Amino acid sequence: MQHNPNIAYVSTFAGAGGDDAKDWALMLLKMYAAYAGRKGWKETVVDGNTIELRGQGAYDRLKDESGVHRLVRISPFDAKQSRHTSFALVEVLPELENLSAASLVIPEKDLKYEFFRSSGPGGQNVNKVETAVRVVHVPTGITAGSQAERSQARNREIALKLLKAKLSQELERRQEEDVAHLRVKVTPEWGHEIRSYVLHPYKQVRDRRLGIKMSKVEEILDGNLDLLFEKK
């Protein structure tokens with residue numbers, strides 16, 4: 001599938017770890033947003049856990065961030081101040097070119113749309129009408145959503161575009177050509193983390209793919225990902 005190398009959709013999902021994992025997923029999303037700011041890219045909030053980043057080589061630079069990320073720290077949610085380990089999944093999707101998106105045909109019977117009110121910071125509803133959209137590919141359980149636009153129709157269009165990007169990646173992973181062959185329901189597979197961020201009892205970032213360790217974990221969490229990327 002042809003894609004735009006300058007547009008990346010970055011999503012983060014909480015894994016094992018309860019409130020710590022939810023907080024960790026949010027921290028990761030903020031990390032990528034901060035990195036985009038350093039690069040001068042444009043950031044748009046698509047959904048509660050997804051941002052669109054537009055800038056020179058955005059997707060090509062961030063695509064390898066997809067995978068499980070692990071955090072070790074003193075939990076801010078634990079009155080005993082115990083050390084907790086939590087996991088979050090990062091998903092980086094491209095924007096498919098119009099021709100590629102058009103060629104990926106999904107049977108309408110395999111799609112389920114859900115509509116709800118867009119939410120603001122803290123989860124409060126900021127719209128009185130249901131403009132936010134989530135679309136589910138029923139055979140696989142893969143979902144995508146958007147609440148970035150004021151129009152329900154526009155959010156539906158964005159959600160479907162994101163869903164097609166996800167299904168395109170799944171087709172490539174399974175070496176399939178027809179989306180109709182994706183009949184097995186997808187479940188999260190946390191597996192082995194691609195990167196660990198340790199804040200206690202010492203400070204260290206360890207990237208398994210690059211085979212490197214460094215102590216500048218707080219700088220990286222503040223968005224200075226080039227400390228890692230320059231090691232590729």
Side-chain angles (χ1 to χ4, degrees), residues 6-94 119-123 148 188-232:
N6 302 318
I7 301 177
Y9 293 93
V10 181
S11 303
T12 59
F13 306 91
D19 288 339
D20 279 281
K22 294 176 183 177
D23 188 51
W24 174 223
L26 181 59
M27 288 171 62
L28 284 169
L29 202 63
K30 289 180 178 178
M31 180 182 76
Y32 293 115
Y35 179 68
R38 288 172 179 263
K39 306 301 287 187
W41 298 346
K42 180 183 177 181
E43 175 203 352
T44 302
V45 176
V46 176
D47 204 353
N49 66 333
T50 303
I51 53 176
E52 175 195 280
L53 303 178
R54 289 177 176 257
Q56 185 64 39
Y59 175 71
D60 287 347
R61 182 164 284 266
L62 292 176
K63 62 184 179 182
D64 291 336
E65 290 295 291
S66 291
V68 177
H69 294 241
R70 170 177 172 260
L71 174 69
V72 181
R73 65 172 176 175
I74 297 295
S75 171
F77 304 99
D78 187 341
K80 297 180 180 179
Q81 295 192 319
S82 301
R83 186 175 66 175
H84 282 238
T85 298
S86 48
F87 296 86
L89 179 68
V90 173
E91 180 181 74
V92 182
L93 296 171
S119 299
E189 297 176 354
W190 300 112
H192 296 290
E193 65 275 8
I194 63 170
R195 187 180 302 145
S196 293
Y197 309 70
V198 181
L199 291 171
H200 185 85
Y202 51 87
K203 297 184 187 299
Q204 183 186 88
V205 171
R206 179 186 179 189
D207 193 298
R208 291 179 177 271
R209 300 158 307 161
L210 300 175
I212 60 173
K213 299 177 182 178
M214 62 176 61
S215 61
K216 298 179 179 179
V217 58
E218 288 164 332
E219 288 186 46
I220 290 170
L221 289 172
D222 284 339
N224 193 359
L225 291 172
D226 282 335
L227 289 172
L228 293 169
F229 294 162
E230 66 188 13
K231 301 292 185 180
K232 291 183 179 180

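Quantities reported herein were computed from a predicted structural model and do not represent experimental measurements. We're numbering straight along the sequence, starting at 1.
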Would you please name every residue forming a ring pair (Phe, Tyr, Trp, His ring centres under 6.0 Å) with His69, sequence neighbours left out?
-> Tyr197
From Glu193 CD over to Phe87 CZ, what is the distance, rounded to the nearest 0.5 angstrom?
-> 5.5 Å
Enter the distance from His200:NE2 to Ser75:OG here, rounded to the nearest 0.5 Å.
-> 12.0 Å
Any chance you could measure Asp222, atom CG, to Met31, atom CE, to the nearest 0.5 Å?
-> 10.5 Å
NE2 (His84) and CD1 (Ile74) are apart, to the nearest 0.5 Å, by 8.5 Å
With rounding to the nearest 0.5 Å, note down the distance linking CZ in Arg195 to CG in Leu225.
-> 6.5 Å
Asp20 side chain reached by Pro76 side chain, heavy atoms, under 4.5 Å = yes
Minimum-distance pair of heavy atoms, taken over all atoms of Ala25 and Ala14 = CB-N, 3.8 Å
Minimum heavy-atom distance Tyr32-Glu65, with the two atoms named = OH-OE1, 2.6 Å
Within 6.0 Å of CD in Glu219, more than 12 heavy atoms from elsewhere | yes
Enter the distance from Leu28:CG to Phe13:CZ here, rounded to the nearest 0.5 Å.
-> 12.0 Å
Give a yes or no on whether the backbone of Ala58 and the side-chain of Asn6 come within a donor-acceptor separation of less than 3.5 Å.
-> no
For residues Tyr35 and Trp41, report the shortest heavy-atom separation together with the two atoms involved.
-> CE2-CH2, 3.8 Å
Is there a side-chain contact between Leu62 and Phe229 (heavy atoms, below 4.5 Å)?
-> yes
Is there side-chain contact between Met27 and Arg73, with heavy atoms separated by less than 4.5 Å?
-> yes
Crowded around Arg209 CZ? As in, over 12 foreign heavy atoms under 6.0 Å?
-> yes
Non-hydrogen side-chain atoms of Met214 and Leu228 separated by less than 4.5 Å | yes
All heavy atoms of Gly17 vs all of Ser86, minimum pair found to be CA-CB, 4.2 Å
Electrostatic pair Arg61-Asp226, nearest N-O below 4.0 angstrom | yes
Atom CD of Glu230 with >12 non-hydrogen neighbours under 6.0 angstrom = yes
Heavy-atom closest contact (Ala34 atom, Gly223 atom, distance) = CB-CA, 3.9 Å
Asp64 and Ile194 have their tightest heavy-atom pair at O-CD1, 3.9 Å
Any salt bridge between Lys80 and Asp78, counting N to O under 4.0 Å?
-> no
Show me the donor-acceptor pairs, under 3.5 Å and distance only, between side chains in residues 47-55 and residues at least two apart or in other chains.
unit_1, atom_1, unit_2, atom_2, d
Asp47, OD1, Gln147, NE2, 2.8
Asn49, ND2, Thr12, O, 3.4
Thr50, OG1, Ser11, OG, 2.7
Glu52, OE1, Tyr9, OH, 3.0
Glu52, OE2, Arg54, NE, 2.6

Would you say the side chain of Glu218 lies within less than 4.5 Å of the side chain of Leu199, judging by non-hydrogen atoms?
-> yes
So, Ser66 side chain and Val92 main chain: donor-acceptor pair closer than 3.5 Å or not?
-> yes
Are side-chain heavy atoms of Arg83 and Pro201 found at a separation under 4.5 Å?
-> yes
